[in-house]
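Data first, discussion second: the structure below is written as structure tokens.
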Number of protein chains: 2
Amino acid sequence: MAKGTDDTIAVRISKALADRIISGAIEPGARLRQDHVAEEFNTSHVPVREAFRRLEAQGLAVSEPRRGVRVAAFDLGEVKEVAEMRAALEVLALRHAAPHLTSAILDRAEEATKAGDKSHDVRSWEEANRAFHRLILTPCGMPRLLATIDDLHAASARFLFAAWRSEWETRTDQDHRAILTALRQGNAESAAATLGRHVQWIGRKPVRTASGATREAFAIVG
Amino acid sequence: MAKGTDDTIAVRISKALADRIISGAIEPGARLRQDHVAEEFNTSHVPVREAFRRLEAQGLAVSEPRRGVRVAAFDLGEVKEVAEMRAALEVLALRHAAPHLTSAILDRAEEATKAGDKSHDVRSWEEANRAFHRLILTPCGMPRLLATIDDLHAASARFLFAAWRSEWETRTDQDHRAILTALRQGNAESAAATLGRHVQWIGRKPVRTASGATREAFAIVG
DNA sequence: AACACAGAAATTATCTATAATTTTAGATCG
DNA sequence: CGATCTAAAATTATAGATAATTTCTGTGTT
């Protein structure tokens, strides 16, 4: 991950915090105190406040005037919401990207799929998965659409890590392969349809809570 | 428009600037200088910088590190992009909203349509149009989706005002009526299909530029 | 006239200080 | 014992000052 040494401090802080929120290092609902963050990053709180605004825009944090900002909470409803938005927007992006996809790009997407299938932990699986989606969608050349999709992927990753914090079993991604096959055959509509279904598939898994009880965890696995 | 007197200064400034950008009072590409804005609003530049971050998130401004922020430029490509995103997302929202639509809501949406048909200027037409869309979509109960759609509507309004700054001829919105009829009959799919087409209709109109030449202006009219 | 350059002016980004508000904790009262 | 009030502590929001960078402008050079 590029450290972006020429970025402004506010950007660096927002990236670092986004990483923690996504990985689950900071709990949903936890308060983010500007002075504490400022001290940790050896800055004043001014850039910290700007970083907070960025996180807010990404939907990773929520702020109430005069009452500070906290890590955004989420529930099954929001997981579903993000899944549906991704389905709608990624399908749109793929339709526009399809005419510009070269076999070189599709080969790289296949590499990403293989890397995902080989992953033994959530983190590397997520990275490979995101690479796959980004590869086949970027050629749509619609920057606003891609930026929105990126934010949704960040949310997806958060849900994923929350549910599958540690355990992960390797699995072969048939959907990705079906999408690639359709694209290679020039059948964009079929690829788009599969993609739309793919990102709406919500995995469920029982997890043990801190109190010892088991509840069900949900996440987008695509 | 609620002035939000309990808002933080940054929010007030971002709303005021958003208004100007959308209405075209500030030109695309124009620089926003933090000290000037701060002076105008009688504040320091700290809240101004936060306001800039908000505008950036909405896609109304773009910023380059150390080089300031400018009003986002746009072209036909972006108009199309926003139209397609709106189509995809509003269709999604309507599908979820449909089961929760009451005849009271639909009546209010019809009022909004009538108000739009009677409008003699772009500004009031846009307001009525936005009210219509908001009324039939809000019951979907998906906050993230609605927030994204709101930002897209802001962009749409900007395109619209840029093209139809002064002249506006009243027109009867058949699409809105067809959508309402379908919804009243419980035919959500048909309503969604019409809505999807509706927001992708891009109006074209010749406008005279400052130099006297005529170019074509484009905007989403739905 | 076009170009490059140096210095000045303007502007952004950050820091330190202060004011306003909220949260916390302890004490008091029913 | 719980609820409510109050004062202290913590925290957010804004202001004012400073450092760093960019942009502008005029001048000299080819």
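Since this is a predicted model, take the numbers as computed values, not measurements. Protein chains get the first letters and strands the later ones, always in sequence-line order, with residue 1 at the start of each.
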When the distance from [atom1] of [X] to [atom2] of [N] is rounded to whole Å, what number comes out?
X	N	atom1	atom2	result
Glu50(B)	dA13(D)	CD	C1'	8 Å
Glu39(B)	dG16(D)	CD	P	12 Å
Asp7(A)	dT12(C)	CG	P	18 Å
Phe41(A)	dA13(C)	CZ	P	19 Å
Gln34(B)	dT22(D)	CD	P	15 Å
Phe52(A)	dT14(D)	CZ	C1'	16 Å
Asp35(B)	dT14(D)	CG	C1'	15 Å
Asn42(B)	dA13(D)	CG	C1'	17 Å

Does Arg49(A) place a side-chain N or O at less than 4.0 Å from the phosphate oxygens OP1/OP2 of dT12(D)? no
Considering just the side-chain nitrogens and oxygens of Thr8(A), establish if one lies under 4.0 Å of OP1 or OP2 belonging to dT14(C). yes
Is there a side chain to side chain contact (heavy atoms under 4.5 Å, CB included) between Arg31(A) and His36(A)? Walk through the geometry before answering. CA-CA 11 Å; Arg31(A) 282 188 70 172; His36(A) 297 199; over 6 Å; no
For the helix from dA1(C)-dT30(D) to dG30(C)-dC1(D), what angle lies between the axis at the first five pairs and the axis at the last five pairs, to 10 degrees? 20°
Between Glu56(A) and Arg53(A), is a salt bridge (Lys or Arg N to Asp or Glu O under 4.0 Å) present by the stated rule, with each step listed? CA-CA 5 Å; Glu56(A) 215 184 331; Arg53(A) 296 287 89 78; 2.9 Å; yes
Quick one: which residue pairs count as a ring-ring contact (aromatic ring centres under 6.0 Å, His included) with a foot in residues 56-103 of chain B, not counting sequence neighbours? Phe74(B)-Phe159(B)
Can a donor-acceptor pair be found, under 3.5 Å and without considering hydrogens, that links the side chain of [X] to the backbone of [Y]?
X	Y	answer
Ser119(A)	Asp121(A)	no
Glu81(A)	Leu145(B)	yes
Glu64(B)	Val69(B)	no

If I take atom CZ from residue Arg108(A) and atom OG1 from residue Thr113(A), how far apart are they, to the nearest 0.5 angstrom? 13.0 Å
What is the distance from atom CZ of Arg158(B) to atom OG of Ser23(B), rounded to the nearest 0.5 Å? 10.0 Å
Pull out every protein N or O sitting under 3.5 Å from an N or O of nucleotides 16-22 of chain C, one pair per line with the distance.
residue	atom	partner	partner atom	Å
dA17(C)	N6	His45(A)	NE2	3.4

Checking side chain to side chain contact (heavy atoms under 4.5 Å, CB included) for the pair Leu94(A)/Leu183(A): CA distance, chi angles, key distance, verdict? CA-CA 10 Å; Leu94(A) 185 56; Leu183(A) 288 173; 4.2 Å; yes
